[in-house]
Amino acid sequence: MGRKIFVGARIFDGEHFHDDKVLIVADGRVERIAAANDRPDGEKVKLEGGVLSAGFIDAQVNGGGGRMLNDEPSATSMAIIAGGHRPYGTTSLLPTLITDTSEATNAAIEAAKEAVKENRGVAGLHLEGPHLAPARKGAHLAELMRPVEDGDVKAFIQAREAIGTLLVTIAAEQVTVAQVRELAEAGVIVSLGHSDCSSEAAEERFDAGARGVTHLFNAMSQMGHRAPGLVGAAIDHPATWCGIIADGHHVDPKALRTALRAKRGEGKLFFVTDAMSLVGSQQDSFTLNGRTVGRERGGFCSKLVLSDGTLAGSDIDMISAIRYGVTYLDLTLAEALRMATLYPARFLRLADRGHLSPGARADLVHLTDALTVTSTWLAGEAA
């Protein structure tokens with residue numbers, strides 16, 4: 001593939017900005033960041049100002065490009081979804097299957113095995129259900145929810161071994177501490193979500209290896225001064241990661257700013273889109289488990305709702321989440337970028353992504369100063 005020299009933009013390496021430097025990429029990997037007068041021979045990629053960063057990483061993507069994973073859990077769907085989000089800077093994502101039948105879950109697992117091998121932006125699989133709490137169902141179908149059984153644990157472990165990265169969202173009420181420990185020790189990333197649990201129940205599962213919380217504040221027990229709930233446990237537990245949907249609809253910005261200030265453990269909040277099929281599409285509605293979801297325009301971005309007004313995923317993309325963070329959450333650009341790159345990479349244990357250190361994948365995004373995406377690259381190749 002040869003060597004490429006990216007010039008003309010500020011470089012964000014995942015931690016810090018570099019001015020008047022160049023990024024050297026060789027054979028799809030970052031070689032180094034160098035002074036402009038200390039670069040080797042290679043193909044020059046000229047950028048007109050702006051920022052060059054590692055590509056964005058999204059741990060929760062239900063759909064994109066006009067396709068929902070639940071409608072057709074296939075490797076083709078996963079490729080379409082990844083392609084739908086790439087113009088917005090996302091170069092790695094986990095296609096997310098929301099609560100569905102065992103047949104759909106098995107199909108998604110088989111599809112992810114194939115899609116990951118294609119190496120075109122699908123970094124693993126997120127199973128959000130069916131082991132959720134009906135009391136906090138959100139837009140999921142409560143009649144399909146059930147407890148985790150021993151056979152599920154075995155299937156998750158086997159899937160993790162075959163796919164590489166498997167994230168499962170489970171309600172604390174539907175999984176035992178012993179099951180969480182077994183899954184975590186086998187490398188499955190367990191995230192608590194869609195749960196009405198007590199803070200004590202959450203903490204027991206965090207201590208057993210549950211690594212995160214799915215879309216903090218949404219579809220979970222809220223924080224009271226005597227009953228902190230899952231929200232309070234997530235904010236207080238120093239090892240726990242929290243995905244947040246920053247679209248102006250799912251969570252009030254005051255709550256997100258409070259969480260950002262209060263969260264124990266540095267860099268433990270990160271952006272997710274929870275996006276549906278309309279991102280990267282001109283459609284205004286789609287079907288979810290036989291129910292119509294419509295796009296309502298207004299606010300920072302449009303929102304997606306069922307006929308009864310229930311929020312049904314989001315209509316936001318990752319670069320818009322970054323803009324929201326800078327505009328409404330008092331984040332520096334560096335921290336907003338970390339929340340879309342370095343932090344989700346660490347949460348998902350994707351060690352070679354989310355930063356521009358030597359040896360990292362050259363998955364890149366170029367942004368204008370107004371925070372719009374101009375170009376993306378996968379392993380150093382324009383995508």
Side-chain angles (χ1 to χ4, degrees), residues 56-71 80-82 84-90 92-99 126 128-129 132 136-140 167 169 191 193-194 212-220 242-253 255-256 259 269-289 291-329 331 336 339-340 343-344 371 373:
F56 308 145
I57 299 171
D58 197 340
Q60 188 173 5
V61 186
N62 310 290
R67 183 69 61 90
M68 286 290 292
L69 183 60
N70 283 70
D71 288 342
I80 291 170
I81 291 167
H85 284 264
R86 199 167 298 127
Y88 307 101
T90 297
S92 293
L93 56 75
L94 298 194
T96 301
L97 188 81
I98 73 166
T99 301
H126 182 172
E128 188 186 3
L132 310 179
R136 295 287 182 171
K137 66 182 185 297
H140 294 237
L167 169 61
T169 294
S191 185
H194 287 269
V213 166
T214 295
H215 45 53
L216 181 68
F217 292 110
N218 294 110
M220 64 184 61
C242 303
I244 61 170
I245 306 172
D247 65 352
H249 301 298
H250 278 78
V251 188
D252 189 282
L256 288 178
L269 269 64
F270 59 93
F271 293 128
V272 295
T273 63
D274 196 21
M276 296 297 197
S277 61
L278 302 189
V279 171
S281 163
Q282 297 303 311
Q283 302 169 12
D284 280 322
S285 66
F286 64 98
T287 301
L288 177 65
N289 294 133
R291 300 162 296 167
T292 298
V293 178
R295 173 186 267 161
E296 291 188 0
R297 301 185 186 279
F300 178 80
C301 69
S302 51
K303 66 178 178 179
L304 306 178
V305 295
L306 297 171
S307 59
D308 64 1
T310 300
L311 284 172
S314 87
D315 201 26
I316 199 167
D317 52 75
M318 194 58 85
I319 186 58
S320 296
I322 290 170
R323 287 198 298 270
Y324 188 90
V326 171
T327 304
Y328 294 102
L329 303 182
L331 296 176
M339 289 175 64
Y343 299 162
L371 298 183
V373 174

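For the residue pair His249 and Glu296, no side-chain donor N or O sits within less than 3.5 Å of a side-chain acceptor on the partner. Side-chain atoms of Asn289 and Asn70 include no donor-acceptor pair closer than 3.5 Å. Side-chain atoms of Asp274 and Ser314 include no donor-acceptor pair closer than 3.5 Å. Side-chain atoms of Thr287 and Thr292 form no donor-acceptor pair, as typed in the model, at a separation below 3.5 Å.
The ring of His194 has its center closer than 6.0 angstrom to the ring center of His140.
To the nearest 0.5 Å, atom CG of residue Leu304 and atom CZ of residue Phe286 are 5.5 Å apart. To the nearest 0.5 Å, atoms CG (Leu69) and OG (Ser277) are separated by 11.5 Å. To the nearest 0.5 Å, atom CZ of residue Arg86 and atom OG of residue Ser92 are 9.5 Å apart. Rounding to the nearest 0.5 Å gives a distance of 13.0 Å between OH of Tyr343 and CD1 of Ile57. A distance of 9.0 Å separates CE of Met68 from CG of Leu278, quoted to the nearest 0.5 Å. The CG atom of Asn62 sits 9.0 Å away from atom CG of Leu97, with the distance rounded to the nearest 0.5 Å.
Leu331 and Met339 make their closest contact through CD1-SD, 3.6 Å (heavy atoms, listed as atom of the first residue, atom of the second, distance). Nearest heavy-atom pair, Ile322 versus Phe271, reported as atom, atom and distance to 0.1 Å: CA-CE1, 4.1 Å. Leu311 and Ala139 get closest at one heavy-atom pair: O-CB, 3.7 Å. Summarising the geometry of Gly309 relative to Val305, their closest heavy-atom pair is O-CG1, 3.8 Å, with the distance given to 0.1 Å. Closest heavy-atom contact between Ala59 and Leu94: O-CB, 3.7 Å. Nearest heavy-atom pair across Ser281 and Gly65 is CB-C, 4.2 Å.
Judged purely by atom type and a 3.5 angstrom limit, Arg295 has no side-chain atom pairing as donor or acceptor with the backbone of Lys303. Although no hydrogens or angles enter the test, the distance criterion places a donor-acceptor pair under 3.5 Å between the side chain of Thr327 and the main chain of Arg323. Looking at Arg67, its side chain never comes within 3.5 Å of a backbone N or O of Gly84 through a donor-acceptor pair. Looking at Arg291, its side chain never comes within 3.5 Å of a backbone N or O of Leu306 through a donor-acceptor pair.
Two residues are said to be in side-chain contact when any heavy atoms from C-beta on lie closer than 4.5 Å; Pro87 and Val373 fail this criterion. In this structure, the side chains of Thr99 and Glu128 stay at 4.5 Å or more apart for every pair of heavy atoms. With a 4.5 Å cut-off on side-chain heavy atoms, Gln60 and His215 count as touching. The side-chain heavy atoms of Val61 and Pro95, taken from C-beta on, include no pair separated by under 4.5 Å. With contacts defined as side-chain heavy-atom distances shorter than 4.5 Å, the pair Tyr324/Pro253 qualifies. With a 4.5 Å cut-off on side-chain heavy atoms, Val213 and Met220 count as touching. Contact of the Phe217 side chain with the Leu256 side chain is registered, since non-hydrogen atoms from C-beta on lie closer than 4.5 Å.
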Query raised in the report: What's the verdict on side chain to side chain contact (heavy atoms under 4.5 Å, CB included) for Phe56 and His85, showing C-alpha distance, side-chain angles and the deciding distance?
Result: CA-CA 10 Å; Phe56 308 145; His85 284 264; over 6 Å; no

Requested in this report: In sequence, state the C-alpha distance, the side-chain angles, and the governing distance for Ile98 and Leu288, and then conclude on side chain to side chain contact (heavy atoms under 4.5 Å, CB included).
Outcome: CA-CA 10 Å; Ile98 73 166; Leu288 177 65; 3.4 Å; yes

Requested in this report: For Asp315 and Val279, run side chain to side chain contact (heavy atoms under 4.5 Å, CB included): C-alpha distance rounded to whole Å, both residues' side-chain angles, the deciding distance at 0.1 Å, then the answer.
Outcome: CA-CA 6 Å; Asp315 201 26; Val279 171; 4.1 Å; yes

Requested in this report: Report the C-alpha distance between Leu132 and Lys137 in whole Å, list the side-chain angles of each, state the deciding distance to 0.1 Å, and finish with yes or no for side chain to side chain contact (heavy atoms under 4.5 Å, CB included).
Outcome: CA-CA 7 Å; Leu132 310 179; Lys137 66 182 185 297; over 6 Å; no

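Each of Thr90, Thr96, Thr273 was evaluated against Asp58; a single residue qualifies, Thr273, per the side-chain hydrogen bond (donor to acceptor under 3.5 Å, both in side chains) test.
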